[in-house]
Amino acid sequence: MNTPICDFVRGYADAGNARLHMPGHKGAGPLGCEALDITEVEGADDLSHPKGIILESENNASTLFGTRHTFYSAGGSSQCVKAMLYLAMLHRVSATSRTVLAGRNAHKAFLHACALLDLEPHWLLPEGESSLCACPLSPAGLERVLADQDASPLAVYVTSPDYLGGMLDIGALADVCHRHGVPLLVDNAHGAYLRFLSPSRHPMDLGADLCCDSAHKTLPVLTGGAYLHVSSSAMASYEHEARQALALFGSSSPSYLILQSLDACNHHLVHCYTQRLERVVRRLDELKERLVAKGVPVRFGEPLKLVIDGWAAGCSGYELATLLRQNGVEPEYSDPDEVVLMYAADASESDFHRVETAFVGFHPRPRRSPTALPTPGERVLSPRTAMLSPWEEVPVAVAAGRVCAGAAVSCPPAIPIAVSGERITMEAVALMMDLGFDTVSVVQERI
């Protein structure tokens with residue numbers, strides 16, 4: 001598969017032109033990548049209105065992902081989440097509906113989109129015990145919620161895979177949504193590679209209407225590179241208006257370094273990527289089984305994640321992260337309950353060996369209860385009103401009873417503990433303190 005963006009930029013860099021245009025480094029500098037960092041010079045195309053090399057490269061990605069069209073984002077999945085909700089709002093069944101049914105483990109970008117677009121989240125709460133990062137939902141549960149709505153929501157929005165590797169039954173959820181005439185939007189930020197499993201487990205192949213992938217999370221793409229996918233079965237107007245939707249929430253100066261990495265990734269994906277992915281998934285399954293045999297409580301789910309439950313081992317995720325770092329392993333994420341490791345298709349044997357070595361002689365302690373997910377606080381203001389109101393920063397210890405302004409969140413996992421516009425509960429305060437929060441922003445109270 002060709003790489004038109006990469007080929008153009010390299011040709012431009014080799015030509016040795018006098019760069020009397022942006023950026024100010026003029027193609028030279030201390031990082032070593034400046035020669036490939038360009039702007040929209042003649043022939044470089046324009047991400048907001050592509051007609052040349054960028055459109056050609058996106059068409060290559062669309063073929064790889066089997067979509068009506070795959071759009072590039074240099075602003076991560078956060079930009080794509082906002083664009084998805086904007087598209088759903090434009091085409092809502094009821095002209096007055098501003099409600100989105102959303103899994104409670106939504107990324108903070110979802111809340112930002114609700115504030116910017118003046119949308120109302122109606123939370124789909126996890127069925128059964130759950131943590132901050134997970135929100136297990138069943139098709140039957142979604143059916144009940146949709147049947148109880150007075151008016152159709154403009155969309156159903158879910159996160160799958162979640163930060164802990166949990167995966168929803170996207171195909172069945174899509175069937176429920178479509179029976180009710182509602183589009184399904186999927187935050188698939190952690191699952192770009194799912195398209196290349198056999199069979200595919202990607203939302204675009206399972207019935208979702210729109211989804212976003214953070215290409216940089218699991219594919220060889222620079223940080224910030226992402227895809228907005230429009231399903232081949234979705235309405236044509238989504239494709240027609242997606243470019244404008246992305247432009248509303250993105251920079252007019254997207255990084256050509258990121259665009260080149262998305263372009264180069266297309267070539268990578270058609271050259272033995274599937275075989276390498278299968279090898280790593282198989283090898284990781286073997287590692288998981290060996291860790292389980294040692295008494296390490298592994299959570300099974302998403303194929304490229306290794307999640308270990310500290311609570312089941314009688315320790316904290318922080319302790320497990322320290323153990324791994326002592327053996328030369330830097331985890332993706334840890335909290336009081338879990339530690340999360342993310343693999344990729346080009347993982348080396350050392351990436352497996354070091355993890356296994358870290359748990360030599362591991363002895364689990366008595367199990368403890370996992371940290372409980374706080375119940376949502378009273379909704380006092382809409383996300384838009386709360387985020388656009390005057391606010392102040394207060395110590396977490398005295399925040400109970402105050403109305404959350406900006407989403408109370410750490411990154412990773414960027415999932416709000418307290419949601420903008422909700423009254424902060426004592427449960428939320430306890431979890432924030434467990435996660436090391438010192439302060440939280442709250443709406444100023446009128447005197």
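Computed over heavy atoms, backbone and side chain alike; hydrogens, waters and symmetry mates excluded.
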So do [Y] and [X] actually touch side chain to side chain, heavy atoms under 4.5 Å?
| X | Y | value |
| --- | --- | --- |
| Leu173 | Val156 | no |
| Leu101 | Pro121 | no |
| Ser232 | Thr67 | no |
| Val419 | Trp123 | yes |
| Val340 | Pro331 | no |
| Leu246 | Lys82 | no |

Greater than 12 external heavy atoms within 6.0 Å of [X]'s [atom1]:
| X | atom1 | result |
| --- | --- | --- |
| Met22 | CE | no |
| Glu330 | CD | yes |
| Gln244 | CD | no |
| His49 | NE2 | no |
| Arg10 | CZ | no |
| His353 | NE2 | no |

Full working for side chain to side chain donor-acceptor pair (under 3.5 Å) between Thr375 and Glu427: CA-CA 8 Å; Thr375 54; Glu427 290 175 298; 2.9 Å; yes

Calculate, to the nearest 0.5 Å, the distance between atoms [atom1] and [atom2] belonging to [X] and [Y] respectively.
| X | Y | atom1 | atom2 | value |
| --- | --- | --- | --- | --- |
| Asn2 | Ser57 | CG | OG | 8.0 Å |
| Leu117 | Met89 | CG | CE | 5.0 Å |
| Leu269 | Thr63 | CG | OG1 | 12.0 Å |
| Asn105 | Ile415 | CG | CD1 | 5.5 Å |
| Ser420 | Met387 | OG | CE | 3.0 Å |
| Met432 | Asp434 | CE | CG | 11.0 Å |

Mutual orientation of the aromatic rings belonging to Phe65 and His229 [parallel < 30°, tilted 30-60°, perpendicular > 60°]: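 Ring orientation, 0 to 90° scale: tilted.
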
Specify the closest pair of heavy atoms between [X] and [Y], including all atoms of both residues, with the distance to one decimal.
| X | Y | value |
| --- | --- | --- |
| Val186 | Ala208 | CG2-CB, 3.7 Å |
| Ala264 | Thr3 | CA-CG2, 4.1 Å |
| Tyr227 | Ala215 | CE1-CB, 3.5 Å |
| Ala245 | Tyr86 | CB-CD2, 3.3 Å |

Selection residues 353-364 - residue pairs positive for salt bridge (Lys or Arg N to Asp or Glu O under 4.0 Å), sequence neighbours left out: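 Matches after skipping sequence neighbours: Arg290-Glu356.
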
Is it true that [X] and [Y] have ring centroids separated by less than 6.0 Å?
| X | Y | answer |
| --- | --- | --- |
| His240 | Tyr238 | no |
| Tyr343 | Phe352 | yes |
| Tyr333 | Tyr163 | yes |

Donor-acceptor contact present, side-chain [X] to main-chain [Y], <3.5 Å:
| X | Y | result |
| --- | --- | --- |
| His180 | Val182 | no |
| Asp148 | Val145 | no |
| Arg299 | Gly166 | no |
| Ser130 | Ala134 | yes |
| Glu127 | Ser138 | yes |
| Arg276 | His271 | yes |
| Ser160 | Leu168 | yes |
| Asp37 | Ser255 | no |
| Thr322 | Tyr318 | yes |
| Asn327 | Leu323 | yes |

Can a side-chain donor-acceptor contact be found between [Y] and [X] if the only test is distance below 3.5 angstrom?
| X | Y | value |
| --- | --- | --- |
| Tyr12 | Glu42 | no |
| Gln79 | Ser73 | yes |
| Ser231 | Asp209 | no |

Is it true that [X] and [Y] have a side-chain N and a carboxylate O under 4.0 angstrom from each other?
| X | Y | result |
| --- | --- | --- |
| Lys305 | Glu332 | no |
| Glu319 | Arg365 | yes |
| Glu58 | Arg243 | yes |
| Glu34 | Lys26 | no |

Phe110 and Asp187: CA distance, side-chain angles, deciding distance, side chain to side chain contact (heavy atoms under 4.5 Å, CB included) verdict: CA-CA 9 Å; Phe110 170 80; Asp187 178 351; over 6 Å; no

Check against side chain to side chain contact (heavy atoms under 4.5 Å, CB included), Arg92 and Arg98: CA-CA 8 Å; Arg92 55 195 185 273; Arg98 306 198 75 83; 3.6 Å; yes

Residue list, side-chain contact (heavy atoms from CB on, under 4.5 Å) with Ala236, at least two apart or on another chain: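 Testing Ala236 for side-chain contact (heavy atoms from CB on, under 4.5 Å), a comparison that skips the adjacent residues, returns Arg68.
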
Those residues that, when tested against Ser237, pass side-chain contact (heavy atoms from CB on, under 4.5 Å) (two or more places apart):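 Once residues adjacent in sequence are excluded, the partners of Ser237 under the side-chain contact (heavy atoms from CB on, under 4.5 Å) criterion are His91, Met235, Glu241.
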
Test side chain to side chain contact (heavy atoms under 4.5 Å, CB included) applied to His190 and Ser214, step by step: CA-CA 6 Å; His190 286 243; Ser214 287; over 6 Å; no

Verdict with reasoning, Asn188 to Asp213, per side chain to side chain donor-acceptor pair (under 3.5 Å): CA-CA 5 Å; Asn188 184 56; Asp213 299 348; 2.6 Å; yes

CA sep, side-chain torsions, deciding dist, call: Val307, Val298, side chain to side chain contact (heavy atoms under 4.5 Å, CB included): CA-CA 6 Å; Val307 180; Val298 170; over 6 Å; no

Check against salt bridge (charged side-chain N to carboxylate O under 4.0 Å, His left out), Asp45 and Lys51: CA-CA 7 Å; Asp45 211 359; Lys51 297 178 181 178; over 6 Å; no

Stepwise salt bridge (charged side-chain N to carboxylate O under 4.0 Å, His left out) check, Arg368 with Asp309: CA-CA 11 Å; Arg368 62 173 179 81; Asp309 288 326; over 6 Å; no

